[in-house]
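Some notes on the structure that comes next.
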Amino acid sequence: QVQLVESGGGLVQAGGSLKLSCAASGTTFSSYDMGWFRQSPGKEREFVVALRWSSGTSYYADSVKGRFTNSRARAMNTVYLQMNSLKPEDTAVYYCAACRRKAYSYFSATYNLTEEYDYWGQGTQVTVSS
């Protein structure tokens with residue numbers, strides 16, 4: 001059973017930074033690709049960034065490009081989301097998720113879709129005050 005545990009959320013002022021972590025157990029990330037999503041009250045869960053594990057390449061939503069950076073620590077089976085220049089509209093519960101590795105052609109067309117991910121963490125709250 002794959003388990004994902006996020007941590008690192010909190011309250012920060014606009015313009016500040018936070019670093020989220022997602023640790024996997026029950027598997028290794030090398031068998032999966034992973035993503036970060038977020039959800040604000042009353043809104044649908046939205047894509048933030050996806051990581052193609054085999055290449056280490058990350059794919060970002062336009063809303064976070066240039067401000068957020070996804071990285072990984074293979075030995076620790078952990079991925080990180082460094083969030084800089086935070087805005088009040090970044091306030092949300094952030095989730096990491098894992099999807100079984102598929103051909104790149106399929107992954108590249110679907111990495112932003114919540115339904116493509118098989119496992120989800122419990123989420124961590126990020127609140128950005130103005």
Side-chain angles (χ1 to χ4, degrees):
Q1 182 71 17
V2 177
Q3 290 188 328
L4 304 173
V5 178
E6 304 97 335
S7 60
L11 173 64
V12 65
Q13 288 187 333
S17 299
L18 280 175
K19 187 174 183 178
L20 307 183
S21 301
C22 175
S25 61
T27 188
T28 59
F29 269 133
S30 59
S31 300
Y32 295 82
D33 294 316
M34 63 82 56
W36 288 95
F37 291 77
R38 65 187 182 186
Q39 189 167 20
S40 303
K43 294 187 178 181
E44 293 188 353
R45 194 167 296 188
E46 67 170 351
F47 167 75
V48 176
V49 60
L51 172 65
R52 182 68 168 173
W53 192 266
S54 57
S55 65
T57 303
S58 291
Y59 304 84
Y60 296 90
D62 288 342
S63 59
V64 306
K65 200 172 293 183
R67 300 188 297 122
F68 290 11
T69 303
N70 194 38
S71 62
R72 61 182 177 174
R74 288 185 178 186
M76 297 175 64
N77 217 28
T78 301
V79 294
Y80 304 97
L81 184 64
Q82 177 67 46
M83 306 185 295
N84 298 328
S85 302
L86 283 162
K87 305 174 182 179
E89 52 263 44
D90 294 318
T91 295
V93 177
Y94 283 71
Y95 299 90
C96 72
C99 61
R100 294 180 182 87
R101 191 167 56 198
K102 304 176 182 70
Y104 178 75
S105 57
Y106 186 87
F107 170 79
S108 63
T110 61
Y111 61 71
N112 61 327
L113 303 178
T114 58
E115 59 265 35
E116 291 299 317
Y117 289 80
D118 304 293
Y119 301 98
W120 293 83
Q122 83 288 351
T124 185
Q125 177 70 47
V126 172
T127 303
V128 184
S129 62
S130 57

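- Counting only heavy atoms from C-beta outward, the side chains of Q39 and T114 never approach each other to under 4.5 Å.
- M34 contributes atom CE, which lies 6.5 Å from atom CG of L51 (distance to the nearest 0.5 angstrom).
- In summary, K65 and D62 engage in a salt bridge, as defined by a charged side-chain N under 4.0 Å from a carboxylate O.
- Here the OG-NZ distance, from S130 to K87, works out to 14.0 Å after rounding to the nearest 0.5 Å.
- In this structure, R38 CZ and E46 CD are separated by 4.5 Å, a value rounded to the nearest 0.5 Å.
- For the atom pair OG1 (T78) and CZ (R72), the distance works out to 12.5 Å, reported to the nearest 0.5 Å.
- Residues E6 and W36 have side chains in contact (heavy-atom distance under 4.5 Å, counting atoms from C-beta outward).
- Residues R101 and D33 are not paired through a salt bridge, judged by the lack of any N-O separation under 4.0 Å between the basic side chain and the carboxylate.
- Applying the ring-ring contact (aromatic ring centres under 6.0 Å, His included) rule to Y95 yields no partners; only residues at least two apart in sequence or on another chain are considered.
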- Applying side chain to side chain contact (heavy atoms under 4.5 Å, CB included), run through Q125 and T91 and close with a yes or a no. CA-CA 8 Å; Q125 177 70 47; T91 295; 4.0 Å; yes
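- Taking the side chain as every heavy atom from C-beta outward, V128 and E89 never approach each other to under 4.5 Å.
- Separation of atoms CZ (R45) and OH (Y117) is listed at 12.5 Å; rounding is to 0.5 Å.
- With rounding to the nearest 0.5 Å, the separation of OG1 in T69 from CE in M83 is 11.0 Å.
- A 4.5 Å side-chain heavy-atom check between F68 and V49 finds every atom pair outside the cut-off.
- Of all heavy-atom pairs between C22 and L4, the closest is SG-CB, 4.1 Å.
- Sorted by first and then second residue, the pairs that involve residues 116-130 and meet salt bridge (Lys or Arg N to Asp or Glu O under 4.0 Å), not counting sequence neighbours, are R100-D118.
- Remark: aromatic rings of Y59 and F47 are distant, center separation not under 6.0 Å.
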